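This report refers to the structure that appears directly beneath it.
Small disclaimer: the values here were computed from a predicted structure and weren't measured. Proteins come first, then strands; the chains are lettered A, B, ... in the order of their sequence lines, and each starts at number 1.
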Amino acid sequence: MRVRIGVVVFPGSNCDRDTVHALDLAGAEPVVLWHEQAMLEGVAAVVLPGGFAYGDYVRAGVIARFSPVMRAVAEFAAGGGLVLGICNGFQVLAEAHLVPGALLRNASLRFVGQEVAIAAERLDTPFTHALDARRPLRMPVAHGEGRYYADEATLDALERDGQVIFRYVDGAGTPAGPGDPANPNGSLRAIAGVMNAAGNVAGLMPHPERAAEGILGSDDGLGIVRSLVESARRVAGSQSPLVAAAR
Amino acid sequence: MTVAERAAEPLHRRLGVTDEELAAIRDRLGGRAPNDLELAMFSVMWSEHCSYKSSKPLLRTLPTAGEGVVAGPGENAGVISIGDGLAVAFKIESHNHPSAVEPYQGAATGVGGILRDIFTMGARPIAVLDALRFGDPADARTRHLVDGVVRGVGGYGNCVGVPTVGGELVFDPSYQGNPLVNVMAIGLMEERRLTLATAGRPGDLVVLYGSATGRDGIGGASVLASATFTHDDPSKRPSVQVGDPFAEKLLIEASLELIERGLVVGLQDLGAGGITCATSETADRAGTGMLIDLDAIPRREPGLEPFEVMISESQERMCAAVDPGQWPAVKEVCERWGLPVAIIGRVTADGDIAIVEGGLDADGQPRPGARELARVPARALTSDAIVHDRVASPPTHRRGAPAPGAPAPVSDQLPERGIDPGAVLLGLLGSANLASRHAVFQQYDSTVGADTVAGPGRGAAVLRVKGTTKALVASTDGDHAVGLLDPWLGAALSVAEATRNVSITGARPLGVTNCLNYGDPTRPEAFWQLSEGVRGLADACRALGLPVTGGNVSLYNESPAGAIAPTPVIGVVGLLEDIATLVGPAFVASDDQVVLVGDAQPGLAGSVYAALAGAAPEDDPPPLDLTREAALQTFIREAVARGLVASAQDISGGGLAVALAECAMWGDLGMRVRVPAAHSPAVDLFGESPSRLVVSCAPRHAAALALLARQHGLPVEAIGTVGGDRLVVELTGAGAIGAGDERSSRVADALDVSLRDLRHAWDHGLARALGWEG
Amino acid sequence: MTSFRYAVNVTPKPGILDPQGRAVEGSLAHLGIEGVSAVRIGRRVELTVDASDETAAIGIVERLASELLSNPLIEAYAVEAIGATSSTTTSSAATDGAGEG
Amino acid sequence: MTSFRYAVNVTPKPGILDPQGRAVEGSLAHLGIEGVSAVRIGRRVELTVDASDETAAIGIVERLASELLSNPLIEAYAVEAIGATSSTTTSSAATDGAGEG
Ligand SMILES: Nc1ncnc2c1ncn2[C@@H]1O[C@H](COP(=O)(O)OP(=O)(O)O)[C@@H](O)[C@H]1O
Ligand SMILES: [Mg+2]
């Protein structure tokens with residue numbers, strides 16, 4: 001039986017259908033969650049898709065933070081529920097303080113839409129365990145505000161605690177710091193994705209759901225989507241009281 | 001004209017309505033004079049933009065019938081069936097003048113406008129292509145325009161979540177004071193969802209939803225502001241329209257849901273002419289009238305005057321005809337998507353657009369005391385608008401186009417003396433018009449939607465169709481340089497190139513949309529260019545068996561610096577039945593054979609080479625043989641379908657040498673080829689005569705490929721093999737060294753350049769030209 | 001109920017890289033402008049609050065400013081009361097500006 | 001040479017659609033905030049000018065504001081002198097803000 005995974009739709013979300021498509025490919029049953037609903041319908045995991053929630057005016061992700069569904073997602077996360085934010089979803093998670101740091105305007109001051117390579121720092125997370133190795137993963141980025149920022153102390157702590165989950169890498173697979181052409185937005189320490197301390201909430205700027213089929217030029221993203229789906233399946237099976245309670 | 005003189009002008013002239021047109025308006029009103037509000041409505045509806053009053057007679061000559069066409073010119077967008085119950089909607093439109101004034105908002109609202117044309121038909125927009133033209137890239141104003149337009153296209157398209165998958169960026173001095181911003185949009189729909197822009201039946205509700213109406217784009221009509229109008233601050237009536245892509249995204253989702261659930265009878269987006277245009281066009285199409293309740297129209301700010309409400313061009317609005325029984329559901333959908341929605345009137349049987357103040361009662365009858373402000377027959381505003389017969393006359397001294405097939409004389413003064421082909425090739429690849437566009441399109445989201453198989457950068461765009469084996473292939477192309485010498489040829493070449501770009505992927509072109517960018521039609525020479533352009537468009541489409549399903553005309557593209565080069569921008573959408581057979585332009589394997597299909601004709605005029613190196617004054621552009629072009633495209637589609645082709649690239653800007661360089665750079669594979677030169681190194685390497693391809697194939701397919709080409713009556717020649725990391729070209733035959741000697745030319749026939757050097761020139765050329773990179 | 005009009009000025013915190021500010025500094029040379037430095041670019045939000053009294057109004061603005069209009073991690077904000085008068089000056093200044101532009 | 005610090009407040013002209021302001025107004029309900037209206041969102045640019053005297057300094061800022069910082073077609077601007085003191089208040093207010101946020 002397919003595991004049910006929620007895909008939140010804010011007004012202005014524009015990767016929700018792509019995310020539903022990729023989750024379906026990865027063997028899940030996607031459940032669309034409307035921004036005004038306060039119930040998560042018993043899903044085993046939640047994805048916040050890309051887009052421009054509420055227009056992304058003022059600051060990307062900030063308005064979405066206050067929507068009813070985000071209150072539910074915050075509770076769900078607090079209870080250990082799995083949450084993945086992609087692009088705008090990552091921005092929303094950061095604004096909602098569900099993951100550390102902030103995503104600032106790209107250093108180039110221009111929107112950047114191109115293929116990048118990222119590498120997973122760890123293969124033992126709910127979002128990466130299905131990846132075969134630490135080889136670079138090719139997938140698109142498409143954002144205007146993706147420059148990862150946190151103060152030095154926070155960055156050190158993130159690295160120490162293994163909360164940096166993806167980094168931009170160059171052809172040779174080495175992390176691409178700000179200024180390196182392989183770093184599309186000037187993110188500090190090449191950070192493309194981070195997790196919360198508990199390890200059940202993660203966000204990344206690149207789009208794995210757009211790289212889930214060979215016909216589209218890369219299926220490197222499918223590993224990330226599958227990781228989430230399999231983790232969700234385990235949760236659904238185990239009925240961890242924490243998660244059950246949160247639902 | 002001084003301010004005082006202008007003030008003295010009669011009102012209609014100040015609104016851009018000529019005395020002749022005023023007379024025509026009177027007789028459409030049964031002899032009576034229009035009141036100010038009616039005059040305002042006529043002035044926008046009889047504008048060139050809304051009425052096509054100069055181009056209508058020409059557009060009637062275009063072929064519009066074709067296999068699978070379910071909607072053609074006259075609707076918001078053309079729609080063609082692609083099987084499996086699906087259909088594709090596509091249309092191109094210009095936003096030149098707004099973009100010249102405010103590049104970001106001009107381009108952004110241009111994208112918004114064409115997207116509305118697509119989803120108004122019931123199709124979900126799946127792609128945008130932007131065809132842009134500017135003046136000198138080194139000029140500060142040009143750089144400001146390019147930067148703003150590119151940010152605007154991205155700012156809007158990226159936010160609404162429609163990928164920008166292709167387009168054009170062309171620099172030519174003639175666009176210095178008048179840039180061109182043409183945007184094409186493509187949508188995918190279930191054929192049964194086709195929704196037409198009709199007013200439905202008498203008694204239906206006229207529903208307006210989307211953004212509230214403000215004082216946007218009132219512009220020239222401001223002269224109507226009543227004396228009592230308190231704040232006369234001009235900034236109160238901005239002529240610049242600001243786009244809200246977030247509102248558009250909501251509009252897309254709400255509209256598609258309304259259509260999906262069958263809640264609307266007819267749908268029309270609001271563009272130029274605002275509510276006046278939307279109500280009169282839909283009423284006219286349905287042969288009905290409309291009674292509009294002015295007070296019911298949601299406003300963004302207080303104090304709008306009736307004429308402002310009626311002609312406002314506020315963005316992100318839609319007008320629907322709704323069966324009264326469906327109103328509650330319609331209201332619920334719009335409100336769920338956070339969109340203001342209101343019943344603004346009723347469809348009537350009398351054929352008039354009537355505007356009342358004071359409200360309508362429950363049965364849509366004016367309340368006691370309500371005042372009628374205007375009453376105009378819908379058709380007088382639209383299908384019965386005035387049509388002008390403009391005078392066309394060719395420029396006094398011009399050389400005729402070479403008759404198709406007739407070899408034009410080879411100029412013996414080609415400016416190739418002493419130029420090393422390798423250096424020329426690098427110069428062409430690094431030139432503003434041929435270098436990689438990635439500095440621009442990496443500011444676009446080209447992959448949202450997860451359907452982009454081939455995005456911007458390497459020929460036609462390819463989008464897979466989920467749930468089928470099919471793919472849609474699209475390209476826009478527009479020639480200006482040849483068109484300046486011969487507008488018929490320029491237009492025909494544009495169609496040939498756009499369709500060829502689609503055919504070389506293996507896809508079958510389905511139809512053509514076009515944006516005709518020309519000068520002031522009251523100038524006989526400009527109108528001659530337009531009519532020749534339309535003739536070229538029509539001839540080419542007939543020769544290729546393609547319907548014209550829609551488009552747009554933009555005239556008065558002139559600045560103090562002069563008129564633009566005539567620029568017909570052609571958009572083509574093609575269908576690839578089995579995406580597994582898709583072929584790209586890049587070489588794929590070492591030892592593959594390189595095959596040249598078609599032959600070079602003399603003539604360098606209008607080529608990029610000529611623009612850079614200068615052409616002999618009496619030189620002609622190379623001829624176009626439309627029958628040959630049709631045969632070539634049929635051939636390549638067949639060859640691809642039979643699996644004979646590894647890669648296929650057409651020869652266009654920069655000629656054979658640039659085509660070969662692209663195949664090599666993009667495939668990261670070099671080649672060694674010997675090219676039979678019939679004319680001279682410049683013509684054979686850099687000439688742009690059409691109907692030619694560079695094809696690569698596995699050696700075992702070479703014979704079959706050549707045979708197939710001959711069966712289609714096409715010259716074909718295996719010129720060498722793929723491999724290595726250099727592009728090595730030798731010229732043989734009459735046009736090579738011999739020809740060089742005769743002209744005591746120092747041209748080295750051999751061209752030998754490393755891929756690294758080619759790539760370096762090509763990668764950085766544009767950013768350098770625009771000063772985005774040192 | 002009284003109407004109060006406020007402006008919330010949001011600026012990047014000291015020490016946070018401000019590429020926009022840099023870009024402006026970079027383009028000064030082209031304009032032949034000298035002596036301009038320390039350019040910081042932020043947001044200005046003007047809004048009207050209807051409340052029983054000023055304290056209540058300020059409370060609402062402060063909440064809006066801290067929770068929605070600024071991100072404490074990277075931005076500082078300041079609230080400024082702008083009377084009808086001051087807002088008119090804004091638009092008149094605007095017309096001058098437009099004139100000069 | 002004296003240093004002057006100014007703020008240039010750039011706001012959408014009256015009558016011009018302000019999608020940002022509209023989006024904020026739309027989100028107020030979710031925040032449970034009432035009574036806020038007429039939200040207009042623009043830019044705030046703070047900068048330091050070194051000039052011989054205030055007139056010269058103002059001249060420079062005005063030029064910058066009209067030619068570079070604002071788009072006269074759709075935006076109005078107003079120049080505001082901000083002393084060192086006022087700028088400190090800015091950041092202190094900010095820290096309060098951060099505290100509350
Ligand atoms: N060059 C053209 N060729 C064919 N049809 C055209 C051309 N220009 C305009 N049309 C058709 O005329 C109708 C009105 O054009 P336009 O006003 O641009 O449409 P819209 O009002 O939907 O923007 C459209 O259906 C369009 O397809
Ligand atoms: Mg339309």
Side-chain angles (χ1 to χ4, degrees), chain A residues 9-22 24-25 34-36 49-58 60 63 86-88 106 108-116 139-145 181 184 206-219 221-222 225, chain B residues 124-126 147 150-165 243-254 335-339 438-457 462-467 469 471 579-580 582 763 772:
Chain A
V9 178
F10 300 106
S13 295
N14 64 29
C15 303
D16 45 324
R17 308 165 91 249
D18 307 359
T19 306
V20 163
H21 180 71
D24 183 58
L25 286 176
W34 183 240
H35 70 123
E36 271 170 343
F52 288 67
Y54 302 90
D56 262 4
Y57 298 120
V58 183
I63 296 179
I86 300 171
C87 195
N88 190 226
N106 296 347
S108 65
L109 297 179
R110 293 178 186 278
F111 186 98
V112 58
Q114 66 182 49
E115 185 181 86
V116 298
M139 63 190 74
V141 289
H143 59 254
E145 298 177 24
H207 285 279
E209 83 282 11
R210 296 188 197 177
E213 292 164 277
I215 184 76
L216 301 180
S218 166
D219 60 3
L222 192 56
V225 183
Chain B
R124 175 172 289 275
I126 57 166
D147 186 69
V150 169
R151 288 181 188 274
V153 170
Y156 206 100
N158 300 344
C159 182
V160 293
V162 179
T164 301
V165 297
D244 181 353
F246 173 53
E248 179 100 340
K249 171 66 173 166
L250 304 178
L251 210 55
I252 294 176
E253 299 304 332
E335 285 171 351
R336 179 154 33 83
W337 285 104
L339 297 170
H438 90 284
V440 163
F441 63 70
Q442 80 176 11
Q443 298 179 53
Y444 301 150
D445 185 342
S446 59
T447 53
V448 61
D451 290 327
T452 308
V453 174
V462 181
L463 296 141
R464 61 98 176 256
V465 180
K466 285 193 192 87
T469 62
I579 197 165
L582 176 67
D763 283 346
W772 289 355

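- Counting heavy-atom pairs closer than 4.5 Å to chain B, the top-ranked of the candidates A:E213, A:Q114, A:E209, A:H207 is A:E213.
- Every residue was checked against the side-chain hydrogen bond (donor to acceptor under 3.5 Å, both in side chains) condition with B:Q442, not counting sequence neighbours, and none meets it.
- Using a 4.5 Å cut-off on side-chain heavy atoms (C-beta onward), A:P208 and A:I86 make contact.
- Note that CD of B:E253 is 10.5 Å distant from CG of B:L339, once rounded to the nearest 0.5 Å.
- With a threshold of 4.5 angstrom between heavy atoms, B:V160 approaches chain A through N, CA, C or O but not through any side-chain atom.
- Contact of A:S13 with chain B is made through the backbone alone, with heavy-atom distances under 4.5 Å.
- Contact of B:S446 with chain A is not made at all, since no heavy-atom distance falls under 4.5 Å.
- A:R210 CZ to B:D445 CG: the interatomic distance, rounded to the nearest 0.5 Å, is 4.0 Å.
- Residues forming a side-chain hydrogen bond (donor to acceptor under 3.5 Å, both in side chains) with B:E335 (at least two apart in sequence, or on another chain): B:K331.
- Interatomic distance, OG1 of B:T447 versus CG of A:L216, reported as 9.0 Å (0.5 Å rounding).
- Using bins of under 30°, 30° to 60° and over 60° for the plane-to-plane angle, the ring pair A:F52/A:F111 lands in the parallel bin.
- Interface with chain A: from residues 150-158 of chain B, residues B:R151, B:N158 qualify, criterion being any non-hydrogen pair under 4.5 Å.
- Remark: B:D451 pairs with B:R464, B:K466 by the side-chain hydrogen bond (donor to acceptor under 3.5 Å, both in side chains) rule, at least two apart or across chains.
- The contact between A:P140 and chain B is made entirely by side chain atoms (from C-beta outward), counting heavy-atom distances below 4.5 Å.
- Considering CG of A:D16 and CG of A:D18, their distance stands at 7.5 Å, rounded to 0.5 Å.
- For A:R17, the part sitting under 4.5 Å from any heavy atom of chain B is the side chain, from C-beta outward, and nothing else.
- Contact annotation for A:E115: neither backbone nor side-chain heavy atoms come within less than 4.5 Å of a heavy atom of chain B.
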